[in-house]
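One-based numbering, in listed order, for ligands and for the atoms of each.
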Amino acid sequence: MTAHGIAKPVLLILGARGFLGRFAAAAAESSFRVIRADRDISDPATDIRIDITDPASVSAGFLSVMPSAVLLLAAISDIDRCERDPAVAQRVNLEGAVHVANACATHGARLLFTSTGAVFDGTQPEYREADPPTPLSVYGCTKADAEAAICSALPAGIVVRVSLVLGRSGQAGTNSLVDGLIRRWQAQDVVSASTTEARNPIDAPTLAAWFVELLQNRDASGIFHAGSTGMMTRLEIAQALAQGLGFPESLVRAETTPPPGRAPRGARQFLIPERIAQFCRTPAPTCDEVLKRSLHEPAQGNPRA
Ligand SMILES: NC(=O)c1ccc[n+]([C@@H]2O[C@H](COP(=O)([O-])OP(=O)(O)OC[C@H]3O[C@@H](n4cnc5c(N)ncnc54)[C@H](OP(=O)(O)O)[C@@H]3O)[C@@H](O)[C@H]2O)c1
């Protein structure tokens, strides 16, 4: 209920136990009744089970909660895993997204789909929303195809592309780069970071605030680029994180050529965040602000515990 006794609209978060899910739920709580869904849930009293690859599971989940808005975070987010197993990537990232878009169309729910700068080949100095996708990897292809399917099925749908999200999830088994670095540095493991791949990172709390503002703004539809106002190489990001977290810089090594067997990654993914600034109150942060906000553990308890 809101302070005026009006029932809050229901927001269904799919893939809620992943890295971004926790930040999104915290940001949405004051405006929405948040229902968390995943294919594997820890608390049946508060969460529901939905496997997005199964249309019957998606349909039953929608019928049970009747969402006004849906945040689709569920994905195979590991780019190298997608390259190794393209069938699974296709089934989850494309076909799963289509099942969710169809359910949103049936129920009149707004959809926000999370996509990636990997829809671009990284050869341009910067990217705007109207630039045509040129993916290099299986992950980028599945996301570009899902974007196209969603935009055609749901003209009012929202697609948010990000190149790299930084933040500490405080839980094991998610896609958080910062958590992964901390685990390796605690084990005194030297981490290689690219001198040639550059990104405009965004911190998870700012991204989550943008998700909520876009879902609340009836005029927002189509593709939005989300990121900081500046760009850094992966080496610069790793060095800054090591310093901010109190680890010696000797635990970061410059990597000039990618190791064999990795999925191809574009060199530069600078997603200009101008359009999102026209629709959202939360300003696009600088890289320094992103790095500072990424160092702290979130305050909430651990939903995976
Ligand atoms: N983090 C980044 O830097 C970044 C950058 C660009 C784009 N994105 C996009 O942002 C979204 C969220 O990313 P994230 O970092 O939070 O990823 P994440 O930590 O890997 O979380 C993804 C979640 O989706 C769930 N999931 C996977 N397959 C599913 C299925 N068939 N049905 C239901 N749930 C399923 C996973 O559950 P399991 O743990 O059980 O597999 C996990 O809870 C993804 O679409 C990702 O592609 C993230």
Item to check | Proximal atoms of ligand 1 relative to D51 (non-hydrogen, under 4.0 Å) | outcome: 30 (C), 31 (N), 32 (N)

Next on the checklist: Measuring from atom 32 (N) of ligand 1, which candidate in I13, I52, I202, D40 has the nearest non-hydrogen atom?
Outcome noted: I52

Checklist entry - Looking only at atom types and distance, does a side-chain atom of W210 sit under 3.5 Å from a main-chain N or O of T282, one as donor and one as acceptor? => result yes

Next on the checklist: Distance under 4.0 Å to a non-hydrogen atom of T174: what atoms of ligand 1 satisfy this?
Outcome noted: 19 (O)

Checklist outcome for this item: OG1 of T53 to CG of L94, rounded to nearest 0.5 Å, is 12.5 Å

Checklist outcome for this item: Check: of A75, G61, A74, G15, min heavy-atom distance to atom 27 (C) of ligand 1 comes from A75

Item to check | Partner residues of D78 under the side chain to side chain contact (heavy atoms under 4.5 Å, CB included) criterion, sequence neighbours left out | outcome: D80, R81

Item to check | Test of proximity, G21 against ligand 1: N or O pairs below 3.5 Å | outcome: no

Item to check | Any side-chain heavy-atom pair of E289 and D203 under 4.5 Å | outcome: no

Checklist entry - Quick check: does any side chain N or O of N93 sit under 3.5 Å from a backbone N or O of I76, one acting as donor and the other as acceptor? => result yes

Next on the checklist: Treating E95 as the side-chain partner and V92 as the backbone partner, does any N or O pair qualify as donor plus acceptor under 3.5 Å?
Outcome noted: no

Checklist outcome for this item: Counting from 1 in the order shown, the ligand 1 atoms closer than 4.0 Å to a non-hydrogen atom of L20 are 10 (O), 12 (C), 16 (O)

Next on the checklist: Within the structure, is a non-hydrogen atom of F113 found at a distance of less than 4.0 Å from ligand 1?
Outcome noted: no

Checklist entry - Heavy atoms only: which of L164, D179, V119, N175 is nearest to atom 14 (P) of ligand 1? => result N175

Checklist entry - Using a heavy-atom cut-off of under 4.0 Å, does the side chain or the backbone of I50 touch ligand 1, or both, or neither? => result backbone

Next on the checklist: Which of the numbered atoms in ligand 1 are under 4.0 angstrom from any heavy atom belonging to D38?
Outcome noted: 25 (C), 34 (N), 36 (C), 37 (O), 43 (O)

Checklist entry - Centres of the Y127 and F270 rings: under 6.0 Å? => result no

Item to check | R234 side chain to E255 backbone, donor-acceptor under 3.5 Å | outcome: no

Next on the checklist: I want to know if ligand 1 touches I76 in the polar sense, i.e. an N/O pair below 3.5 angstrom.
Outcome noted: no

Next on the checklist: With respect to G18, determine whether any N or O atom, backbone or side chain, lies less than 3.5 Å from an N or O atom of ligand 1.
Outcome noted: yes

Checklist entry - Which atoms of ligand 1 have any heavy atom of R17 under 4.0 Å away? => result 43 (O)

Checklist entry - Touching ligand 1 at all, L14? Heavy atoms, strictly under 4.0 Å? => result no

Checklist outcome for this item: Closest heavy-atom approach to atom 7 (C) of ligand 1 among S77, S115, G173 is made by S115

Checklist entry - Does ligand 1 have any atom that is closer than 4.0 Å to a heavy atom of K143? => result yes

Checklist entry - Where the side chain of T134 meets the backbone of D121, is there a donor-acceptor pair that is under 3.5 Å apart? => result yes

Next on the checklist: For P135 versus G140, what's the shortest heavy-atom pair and its separation?
Outcome noted: CB-C, 3.5 Å

Checklist outcome for this item: ligand 1 atoms nearer than 4.0 angstrom to some heavy atom of T53 are 31 (N)

Checklist entry - Do S163 and ligand 1 have an N or O pair less than 3.5 Å apart? => result no

Next on the checklist: Only heavy atoms of V92, strictly under 4.0 Å: list the atoms of ligand 1 that pass.
Outcome noted: 28 (N)

Next on the checklist: Between R218 and E213, does any side-chain N to carboxylate O distance fall below 4.0 Å?
Outcome noted: no

Item to check | Which of the ligand 1 atoms, numbered from 1, are nearer than 4.0 Å to a heavy atom of V162 | outcome: 5 (C), 6 (C), 7 (C)

Checklist entry - Side-chain heavy atoms under 4.5 angstrom apart, residues restricted to Ile, Leu, Val, Met, Phe, Trp, Tyr: same cluster for L111 and V65? => result yes

